[in-house]
Visitor: 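Sharing a structure, written as structure tokens. Questions coming.
A, B, ... follow the sequence lines: proteins, then strands. Residue 1 opens every chain.
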2 protein chains.
Amino acid sequence: MSGSFEPTERTLFRRRRDRGSYDEDLINRILDASAIGHVGYTVDGLPVVTPVAYWRSGDRLFWHTSSASRMCEARDGGLPVCITVSQLDGFVLGRAGMSHSLLYRSAMIFGRASLIDEPREKQRAMSIFIDRFFPGRSREIRPPDEAELGKITVLSMAIEEASAKIRDGGVADSDRDCQLSYWAGVIPVRTVVGEIIPDPNLPAGTPIPDNLGSYVENASLSDVLRALGSNQA
Amino acid sequence: MSGSFEPTERTLFRRRRDRGSYDEDLINRILDASAIGHVGYTVDGLPVVTPVAYWRSGDRLFWHTSSASRMCEARDGGLPVCITVSQLDGFVLGRAGMSHSLLYRSAMIFGRASLIDEPREKQRAMSIFIDRFFPGRSREIRPPDEAELGKITVLSMAIEEASAKIRDGGVADSDRDCQLSYWAGVIPVRTVVGEIIPDPNLPAGTPIPDNLGSYVENASLSDVLRALGSNQA
């Protein structure tokens with residue numbers, strides 16, 4: 001059963017409500033379709049936005065960052081953050097200046113982030129991260145030793161407030177503008193998987209593991225990641 | 001002549017200095033290769049990150065947002081913001097847990113944003129926006145009327161502090177890890193242009209305008225946008 005997030009002061013749509021949603025399934029689908037998120041936090045009251053590798057597990061988000069990041073300074077009750085995940089899907093070119101826009105899907109998540117400190121918990125989070133993108137791979141690599149675990153920083157937070165915004169479809173010109181003789185249309189954009197490049201240090205003929213089978217050349221990365229994410233959830 | 005930004009308290013690389021840069025040309029190349037940026041600002045002291053359509057003109061950034069956004073509340077001396085632009089280029093799978101990472105290019109920009117209020121200035125900014133992506137198109141569409149201009153919100157700021165971070169290349173396993181029999185390699189990812197979709201309301205046979213000629217199917221969007229950006233600069 002899918003739920004819905006309550007609109008809050010921060011997530012209330014003030015305009016274009018038709019493009020906004022609080023639906024949990026939809027928000028999770030957007031989160032599961034990307035690998036880079038943008039984490040906003042404050043340092044001395046001023047905003048900083050850092051790109052991070054993130055992943056979702058149930059109603060929690062996790063991400064990696066540099067252990068030297070000021071994101072890692074401990075704060076009572078957790079660090080207030082906003083993580084936003086966006087995917088560009090294209091350009092809309094209308095007959096009027098006003099009807100030009102981007103096609104996109106985005107999710108905006110608010111919560112309070114905490115560091116995962118305990119080494120075994122950190123290692124578990126890291127295995128989940130690797131397996132989320134490459135199922136079962138955490139058992140097919142050398143696990144981190146204690147010194148390495150000390151260099152990894154993982155943050156985690158419950159999704160407290162969330163909303164999604166989507167602009168899809170095509171040109172939205174008025175009937176009157178449609179009479180104008182200007183060209184209008186959509187330029188779609190998609191993020192696709194390239195051809196896998198084995199490390200040159202591998203013995204010749206080493207096969208690509210089966211658990212990378214989803215990463216088919218020219219497949220939509222969003223589709224691949226979303227399918228892997230829902231297998232795991 | 002290209003310059004370099006001074007490292008500041010906020011942009012100083014505390015780790016992995018080999019992946020960081022303050023080079024102005026490199027930062028501009030990253031900015032010019034994307035269309036969506038993530039703007040961080042604070043509301044009541046808490047961070048908010050909003051995806052925006054942005055563009056660069058010289059040493060200034062511009063972006064659109066909803067006029068209902070709390071980003072638009074006037075603040076003396078401008079709204080302190082951090083705009084981060086990132087492009088995912090792939091996944092790195094090493095033989096060890098620690099040698100898994102993302103390939104990416106990102107730029108982090110700090111400044112103080114102001115609203116563009118004056119209608120003619122707003123219209124000029126909007127024309128630059130359209131022409132930046134579709135050269136000359138602002139003269140081939142219906143310009144916005146006064147009521148429409150009232151609904152557009154454009155913010156602008158000088159780039160005050162800036163840094164770039166790039167992870168490229170391949171697997172970085174130690175010599176010792178390279179002896180392990182696990183598979184390692186890179187899964188490249190790229191954002192590409194799709195086939196242009198003319199609006200169904202166009203008269204049959206209407207040709208696609210020449211100024212969309214860069215948007216060739218399967219072309220790298222980063223390459224297309226960067227070339228269009230440098231033509232214009």
Visitor: Any luck finding a side-chain donor-acceptor pair between T42(B) and T42(A) under 3.5 Å?
Guide: no
Visitor: Using side-chain contact (heavy atoms from CB on, under 4.5 Å), reason through T191(A) and L88(B) one step at a time and then give a plain yes or no.
Guide: CA-CA 9 Å; T191(A) 300; L88(B) 177 67; 5.6 Å; no
Visitor: For the interface with chain B, which of S127(A), G45(A), P198(A) has the highest count of heavy-atom pairs at distances below 4.5 Å?
Guide: P198(A)
Visitor: Indicate the ring-plane relationship of F134(B) and F91(A), choosing parallel, tilted or perpendicular according to the 30° and 60° boundaries.
Guide: perpendicular
Visitor: Show the nearest heavy-atom pair for residues C178(B) and N201(A), with the distance to one decimal.
Guide: SG-ND2, 3.7 Å
Visitor: With a 4.5 angstrom heavy-atom cut-off, could you sort out which part of T50(A) is near chain B: side chain, backbone, both or neither?
Guide: both
Visitor: Report the option among G97(B), P188(B), G40(B) that has the most heavy-atom pairs separated by less than 4.5 Å from atoms of chain A.
Guide: P188(B)
Visitor: Please report the closest heavy-atom contact between P80(B) and L46(A), naming both atoms and the distance.
Guide: CB-CD2, 3.6 Å
Visitor: What are the two closest heavy atoms between R137(A) and A184(B), and how far apart are they?
Guide: NH2-CA, 4.3 Å
Visitor: Working to the nearest 0.5 Å, report the span between NE2 of H64(B) and OG of S101(A).
Guide: 10.0 Å
Visitor: If I take atom CD1 from residue I141(A) and atom CG from residue D177(B), how far apart are they, to the nearest 0.5 angstrom?
Guide: 10.0 Å
Visitor: Which atoms of D145(A) come close to chain B, meaning under 4.5 Å heavy atom to heavy atom: side chain ones, backbone ones, both, or neither?
Guide: neither
Visitor: Do you know which of V193(B), V39(B), V48(B) has the most heavy-atom pairs under 4.5 Å to chain A?
Guide: V48(B)
Visitor: Scan for salt bridge (Lys or Arg N to Asp or Glu O under 4.0 Å) pairs involving residues 186-210 of chain A, sequence neighbours excluded, and state none if there are none.
Guide: D199(A)-R95(B)
Visitor: If you measure from CD1 on I36(A) to OG1 on T84(B), what distance do you get to the nearest 0.5 Å?
Guide: 11.5 Å
Visitor: With only heavy atoms counted, which part of M108(A) is less than 4.5 Å from chain B, the side chain, the backbone, both or neither?
Guide: side chain
Visitor: Which bit of I196(B) comes within less than 4.5 Å of chain A, counting heavy atoms only: side chain, backbone, both or neither?
Guide: both
Visitor: Looking only at heavy atoms, which two atoms of M98(B) and K151(A) are closest? And how far apart?
Guide: CE-CB, 4.3 Å
Visitor: Chain B heavy atoms under 4.5 Å from L212(A): which part of the residue, side chain, backbone, both or neither?
Guide: side chain
Visitor: If you count heavy-atom pairs under 4.5 Å between each of S34(B), P200(B), G94(B) and chain A, which one has the most?
Guide: G94(B)
Visitor: Is P207(B) in contact with chain A via its backbone, its side chain, both, or neither, using a 4.5 Å heavy-atom distance?
Guide: backbone
Visitor: Heavy-atom distances under 4.5 Å only: say whether V81(A) touches chain B with side chain, backbone, both or neither.
Guide: backbone
Visitor: V192(A), V92(A), D173(A), L149(A): which one forms the most heavy-atom pairs within less than 4.5 Å of chain B?
Guide: V192(A)
Visitor: Counting heavy-atom pairs under 4.5 Å to chain B, which of T206(A), I130(A), N218(A) comes out on top?
Guide: I130(A)
Visitor: Drop me the distance from E140(A)'s CD to L180(B)'s CG, to the nearest 0.5 angstrom.
Guide: 13.5 Å
Visitor: With respect to chain A, which residue among S181(B), S138(B), P203(B), G194(B) yields the maximal number of heavy-atom pairs within a distance under 4.5 Å?
Guide: G194(B)
Visitor: Among A96(B), G170(B), P143(B), A35(B), which has the most heavy-atom pairs under 4.5 Å with chain A?
Guide: A96(B)
Visitor: Do you know which of C82(B), P51(B), S86(B) makes side chain to side chain contact (heavy atoms under 4.5 Å, CB included) with H38(A)?
Guide: S86(B)
Visitor: Between L221(A) and chain B, with a heavy-atom cut-off of 4.5 Å, which part of the residue counts as in contact: side chain, backbone, both or neither?
Guide: side chain
Visitor: Can you see which heavy atom on A53(B) is nearest to which on L102(A), and at what distance?
Guide: CB-CD1, 3.5 Å
Visitor: Please report the shortest heavy-atom distance between V49(A) and V49(B), naming the atom on each side.
Guide: CG2-CG2, 4.1 Å
Visitor: Which one wins on heavy-atom pair count under 4.5 Å against chain B: I208(A), I187(A), V85(A), I83(A)?
Guide: I187(A)
Visitor: So, taking the atom named CG in N211(A) and the one named CG in L93(B), what distance separates them when rounded to the nearest 0.5 Å?
Guide: 9.0 Å
